[in-house]
Amino acid sequence: MNGGPSGFNNAPVTRICVIASAIFSVFLGIKGGSNKLGLSYQDIFRNPRLWKLVLSVFAFSSTPEMMFGLYLLYYFRVFERQIGSNKYSVFILFSVIVSLLFEVFAVTLLQDPLANLLTSGPYGLIFASYVPFYFDIPVSTRFRVVGVHLSDKSFIYLAGVQLLLSSWKRSILPGICGILAGSLYRLNLFGIRKAKFPEFIASFFSRLSWPSTGSPRGATSRNVTGSAPSYAGRHVQRTYPAPMAPSTEPSEDAIATLASMGFDRNSARQALVQARNDVNTATNILLEAQSH
């Protein structure tokens with residue numbers, strides 16, 4: 001389970017977040033400033049420093065945290081493909097601000113001027129993304145390891161647990177605040193799920209993104225319009241497995257799984273035909289069709 005087609009195709013905002021987080025983390029690590037990051041009661045109320053607040057949102061404080069964090073940011077690009085870059089930018093801003101407010105509230109309650117209570121990094125965004133991951137991404141493969149039942153989603157959960165416990169108490173609190181922020185977004189607080197940035201802002205961020213490092217859209221790509229789910233006025237240019245023989249019908253369980261995610265049953269059936277009855281690949285086809 002890799003979050004969809006490789007690279008940052010149709011995910012320019014995720015690309016910016018991953019690159020910015022990596023650059024800030026590496027730069028501060030080289031300069032020896034990563035151990036100075038992380039918010040405390042003193043940073044917020046007694047000696048406010050805006051630069052530290054901003055960097056604490058982007059930069060991880062250690063290499064293991066950066067590795068797991070960047071991997072999860074990259075994987076969750078599937079949500080940008082699902083809702084579009086504009087709405088995903090709103091999701092990022094909402095998650096970061098709301099989780100930060102929860103963190104400030106928690107630090108206020110603890111009131112320990114000497115303790116560096118919160119680790120740094122985009123914990124709010126990462127753990128807010130686990131909410132739609134839990135509800136909207138289906139399980140496509142189940143297996144057992146040493147008698148333990150696992151699925152293809154288990155590895156993403158394990159990476160999140162590792163990141164959540166990376167700095168113990170300092171990382172658990174930001175993670176919980178991120179989950180709360182993601183829950184409020186899913187509950188559509190103040191109609192946030194319908195909010196969008198003005199088009200000129202979205203265009204500006206699109207220009208910041210250089211060409212994707214994913215699969216090229218050249219001669220190796222083919223138009224799957226007609227065999228993929230059809231949406232009025234939308235065309236999807238991707239390379240997917242050749243469709244099954246017309247006599248082979250997708251299973252009802254697979255169609256029901258996609259329908260439970262909110263997709264039209266007929267579109268789900270067409271996507272499953274295109275994906276050879278693979279639910280994960282069919283989901284990616286449907287998400288990419290929606291993002292165009």
Is there a path of hydrophobic side-chain contacts, each under 4.5 Å between heavy atoms of I/L/V/M/F/W/Y residues, joining [Y] to [X]?
{"X": "Ile176", "Y": "Trp168", "value": "yes"}
{"X": "Phe105", "Y": "Leu173", "value": "no"}
{"X": "Val131", "Y": "Val139", "value": "no"}
{"X": "Phe133", "Y": "Leu158", "value": "no"}
{"X": "Val161", "Y": "Phe155", "value": "no"}

Taking all non-hydrogen atoms of both residues into account, name the closest pair between [X] and [Y] and its distance.
{"X": "Ala271", "Y": "Ile285", "result": "O-CD1, 4.0 Å"}
{"X": "Phe102", "Y": "Cys177", "result": "CB-SG, 3.5 Å"}
{"X": "Ala181", "Y": "Ser99", "result": "CB-N, 3.9 Å"}
{"X": "Lys87", "Y": "Lys196", "result": "CE-CE, 3.6 Å"}
{"X": "Val145", "Y": "Leu150", "result": "CG2-CD1, 3.7 Å"}
{"X": "Ala59", "Y": "Leu28", "result": "CB-CD1, 3.7 Å"}

May I ask you to decide if [Y]'s main-chain N or O and [X]'s side chain share a donor-acceptor pair within less than 3.5 Å?
{"X": "Ser25", "Y": "Ala22", "answer": "no"}
{"X": "Ser21", "Y": "Phe58", "answer": "yes"}
{"X": "Arg77", "Y": "Arg15", "answer": "no"}
{"X": "Asn188", "Y": "Arg193", "answer": "yes"}
{"X": "Tyr134", "Y": "Ser129", "answer": "no"}

What's the spacing between [X] [atom1] and [Y] [atom2] if we round to 0.5 Å?
{"X": "Ser167", "Y": "Tyr123", "atom1": "OG", "atom2": "OH", "result": "5.0 Å"}
{"X": "Arg81", "Y": "Tyr88", "atom1": "CZ", "atom2": "OH", "result": "11.0 Å"}
{"X": "Leu72", "Y": "Met67", "atom1": "CG", "atom2": "CE", "result": "12.0 Å"}
{"X": "Ile192", "Y": "Phe91", "atom1": "CD1", "atom2": "CZ", "result": "10.5 Å"}
{"X": "Gln82", "Y": "Thr283", "atom1": "CD", "atom2": "OG1", "result": "9.5 Å"}
{"X": "Asp136", "Y": "Arg186", "atom1": "CG", "atom2": "CZ", "result": "4.5 Å"}

Just wondering, do [Y] and [X] contact through their side chains at under 4.5 Å, heavy atoms?
{"X": "Leu163", "Y": "Phe127", "result": "yes"}
{"X": "Glu80", "Y": "Pro12", "result": "yes"}
{"X": "Ile156", "Y": "Tyr71", "result": "yes"}
{"X": "Leu70", "Y": "Phe60", "result": "yes"}
{"X": "Ser95", "Y": "Tyr185", "result": "no"}
{"X": "Phe68", "Y": "Ser166", "result": "no"}
{"X": "Pro250", "Y": "Val273", "result": "yes"}
{"X": "Leu125", "Y": "Phe76", "result": "no"}

Tell me whether the count of non-hydrogen atoms from other residues, nucleotides or ligands lying under 6.0 Å of CZ in Phe190 goes above 12.
no

Counting only heavy atoms not in Tyr157, do more than 12 fall under 6.0 Å of its OH?
yes

Does the side-chain contact (heavy atoms from CB on, under 4.5 Å) test come out yes or no for Ile137 and Phe79, once each step is laid out?
CA-CA 10 Å; Ile137 300 298; Phe79 301 124; 4.0 Å; yes

Testing the 3.5 Å rule here: is there a donor-acceptor pair between the side chains of Ser171 and Thr119?
no

